[in-house]
Chemist: 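Following this message is one structure expressed as C-alpha cells.
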Amino acid sequence: MTGLEVRPVRPADRERVEEMVAAVWDGHDYIPQVFDEWVGDPGAWFQAGELGGEVAGIQRLRPIAPRIVWYEGLRVAPEQRRRGVARAMLEAAVAQARGLGFAEIRLATANPDAISLFRSAGFELLVAPRLWRGRRLEGDEPARMPSPADAGRLFAYLQEDPALESYGGVFAHGEWALDADAELLGRLAGEGALRVTAGGRALAAVREGWGGERLWAYFVSGSGAALHDLLLALRFEADSAGLTAVNLWAPDGHPGEDEFAATGYDSEAEPFRLSYFGLRISN
C-alpha cells in the first residue's frame, strides 16, 4: 500500500487509538487498558500505521521465546477498512521480525476476517481450541501445584498422552503459544501455573482469564479418574478464589471431551473458539 508510514505509537496517539477501537467487542476492547504499558515497553514494538498524517492502524510485536515473536493488537480505523491497511501493516511487521532475526511469528485471533488475512499471508494453524465453561463449584480442595523439579517427570507423562497431539504440541495461553517441553513445564510450575492430580498423570495449565472473573485452563491432559478429579478440582479452585467459572480450552477431538461433559463443562453455553497461527520466516 502506497503512502502508509509505519512508526512507533506515541503517547499523544491515545485519543485517536481510543476512537479507532471504540466499537471493537461492543466497546470492550482491551487496547485502551494496555495502551500506556505498551507505549512504555522497551522490549516490544508497538506501531502505528499513518496515512495522510492520521493513524489508520496499530499493531504490536513482542518476543515470547529467543526466536519467536508474538503478533497482537492489529486494529484498523473503521473508515480505512477494506483498503489494504491491515495487509500492509502485517507485511511491515513480518519484514521487521525477519530483520530482527526471529524465525517465527505466532498469534491468536477469533476474528473471521483476520483469520482470512493471516491464512492468505501464509500463516498455518497451530491449534484452534474451543471454550468449555464449568461453573464454580463449592466443595473439596483445589488440585496440587507441582514444583519445577517435577517438570521432567510431568513431560514424560505428557509425551505419552494423546491430548498433547490434539493441541498440536503447543501450550496456547491466549497471550503466547509455545511448544511443550520440560523447560516450559518447569517455568510454569515455578509461576504456580500448573495443576496436577494422580502424581501428574492429569495436568492443567492455568491463568487468570481476561476480565479477571474466570480461571482459564488453557491446556488439559489426562484420562479416567485422574482427569475427572482434576476437572472438578479446577471448579473448586474457581469457587475458593471467588471466580465465577472455569474456561477450559480444548481442540475438537480432545480425548477428554466425554470427561469434560461428565464433570459439568459445557461447550454450547458460550460458543467461542480461538485460533492460533504461526508463520516461519527463517530457518
Side-chain angles (χ1 to χ4, degrees), residues 1-6 9 17 19-31 34 38 44-51 54-62 64 68-98 102-131 166-179 210 218 247 249-254 267-268 270-282:
M1 176 181 214
T2 59
L4 184 73
E5 177 192 353
V6 178
V9 173
V17 170
E19 176 186 286
M20 285 171 42
V21 305
V24 175
W25 295 341
D26 297 323
H28 297 289
D29 196 355
Y30 66 88
I31 297 294
V34 301
W38 284 13
W45 299 270
F46 187 23
Q47 302 171 327
E50 196 172 276
L51 277 174
E54 184 173 57
V55 175
I58 57 171
Q59 63 187 5
R60 187 181 190 229
L61 287 167
R62 172 173 52 90
I64 57 172
I68 302 176
V69 67
W70 189 251
Y71 182 75
E72 60 190 340
L74 177 62
R75 302 288 188 274
V76 174
E79 71 276 9
Q80 295 290 352
R81 291 174 188 164
R82 309 291 181 184
R83 297 184 180 181
V85 173
R87 184 173 300 277
M89 293 197 64
L90 176 61
E91 289 173 353
V94 170
Q96 180 179 7
R98 184 181 290 116
F102 290 102
E104 187 174 1
I105 301 176
R106 292 184 175 182
L107 59 88
T109 185
N111 183 294
D113 291 337
I115 288 172
S116 296
L117 170 66
F118 297 131
R119 285 190 184 277
S120 71
F123 283 79
E124 296 184 355
L125 184 69
L126 300 173
V127 63
R130 62 186 166 118
L131 171 62
S166 77
Y167 282 98
V170 171
F171 274 48
H173 169 279
E175 297 178 7
W176 48 259
L178 293 172
D179 298 340
W210 294 324
Y218 58 89
N247 279 4
W249 298 91
D252 294 340
H254 188 290
S267 64
E268 302 300 326
E270 294 182 42
F272 192 80
R273 187 183 301 273
L274 269 174
S275 295
Y276 293 79
F277 289 89
L279 176 70
R280 296 288 302 182
I281 55 176
S282 70

Chemist: Between Met89 and Arg87, does a side chain to side chain contact (heavy atoms under 4.5 Å, CB included) hold up when you go through it step by step?
Modeler: CA-CA 5 Å; Met89 293 197 64; Arg87 184 173 300 277; over 6 Å; no
Chemist: Just wondering, do Phe171 and Leu178 contact through their side chains at under 4.5 Å, heavy atoms?
Modeler: no
Chemist: Would you mind telling me which of Arg82, Arg81, Arg119 makes a salt bridge (charged side-chain N to carboxylate O under 4.0 Å, His left out) with Asp113?
Modeler: Arg82
Chemist: Would you please indicate if the ring centroids of Phe123 and Phe118 are separated by under 6.0 Å?
Modeler: yes
Chemist: Go through the structure and list residues passing side-chain hydrogen bond (donor to acceptor under 3.5 Å, both in side chains) with Glu104, not counting sequence neighbours.
Modeler: Arg106
Chemist: For Asp252 and Arg273, run salt bridge (Lys or Arg N to Asp or Glu O under 4.0 Å): C-alpha distance rounded to whole Å, both residues' side-chain angles, the deciding distance at 0.1 Å, then the answer.
Modeler: CA-CA 10 Å; Asp252 294 340; Arg273 187 183 301 273; 3.2 Å; yes
Chemist: Nearest 0.5 Å, what's the CZ-CG distance between Arg75 and Asp29?
Modeler: 4.0 Å
Chemist: Would you call the rings of Tyr218 and Trp176 parallel, tilted or perpendicular, taking 30° and 60° as the class edges?
Modeler: perpendicular
Chemist: Minimum heavy-atom separation for Ala177 and Ile64, please, with both atom names.
Modeler: O-CD1, 3.7 Å
Chemist: On a heavy-atom basis, which atom in Tyr167 and which in Ala250 lie closest, and how many Å separate them?
Modeler: OH-CA, 3.7 Å
Chemist: Grab the two heavy atoms, one from Ser120 and one from Leu117, that are nearest each other, plus how far apart they are.
Modeler: OG-O, 2.7 Å
Chemist: Please name the pair of heavy atoms, one in Leu4 and one in Ala88, separated by the smallest distance, quoted to 0.1 Å.
Modeler: CD2-CB, 3.6 Å
Chemist: Answer yes or no: is there a side-chain heavy-atom contact under 4.5 Å between Ser275 and Leu125?
Modeler: yes
Chemist: Under the salt bridge (charged side-chain N to carboxylate O under 4.0 Å, His left out) test, which residues partner Glu19, sequence neighbours left out?
Modeler: Arg16
Chemist: Please say whether more than 12 non-hydrogen atoms of neighbouring residues, nucleotides or ligands are located less than 6.0 Å from CD in Glu124.
Modeler: no
Chemist: State, yes or no, whether a side-chain contact exists between Trp45 and Gln59 at a heavy-atom distance under 4.5 Å.
Modeler: no
Chemist: I would like to know whether Leu279 and Tyr71 meet side chain to side chain contact (heavy atoms under 4.5 Å, CB included); could you show each step before the answer?
Modeler: CA-CA 11 Å; Leu279 176 70; Tyr71 182 75; over 6 Å; no
Chemist: Of Val69, Val94, Ile68, Leu61, which meets side chain to side chain contact (heavy atoms under 4.5 Å, CB included) against Phe102?
Modeler: Val69
Chemist: Where do Leu126 and Gly278 come nearest, in terms of heavy atoms and distance?
Modeler: CG-N, 3.8 Å
Chemist: I want to check something: taking the side chain as every heavy atom from C-beta on, are Ile31 and Trp38 in contact at a cut-off of under 4.5 Å?
Modeler: yes
Chemist: If we ignore hydrogens and angles and just use 3.5 Å, is the side chain of Arg280 paired with the main-chain N or O of Ser282 as donor and acceptor?
Modeler: yes
Chemist: Spell out, as yes or no, whether a donor-acceptor pair under 3.5 Å connects the side chain of Arg98 to the backbone of Ile281.
Modeler: yes
Chemist: Is any side-chain heavy atom of Leu107 closer than 4.5 Å to a side-chain heavy atom of Glu72?
Modeler: no
Chemist: Taking the side chain as every heavy atom from C-beta outward, state whether Val76 and Ile58 have any pair of such atoms under 4.5 Å apart.
Modeler: no
Chemist: Do Trp249 and Leu274 have side-chain heavy atoms sitting under 4.5 Å apart?
Modeler: yes
Chemist: Hey, does Glu175 have a side-chain heavy atom less than 4.5 Å from the side chain of Trp210?
Modeler: yes
Chemist: Can you see which heavy atom on Ala48 is nearest to which on Val9, and at what distance?
Modeler: N-CG2, 3.5 Å
Chemist: Judged by atom type as modelled, is there a donor-acceptor pair below 3.5 Å linking the side chain of Tyr276 to the main-chain atoms of Thr109?
Modeler: no
Chemist: Should Glu54 and Gln80 be marked as a side-chain hydrogen bond (donor to acceptor under 3.5 Å, both in side chains) after you check the CA-CA gap, both sets of side-chain angles, and the distance that decides it?
Modeler: CA-CA 11 Å; Glu54 184 173 57; Gln80 295 290 352; 5.3 Å; no
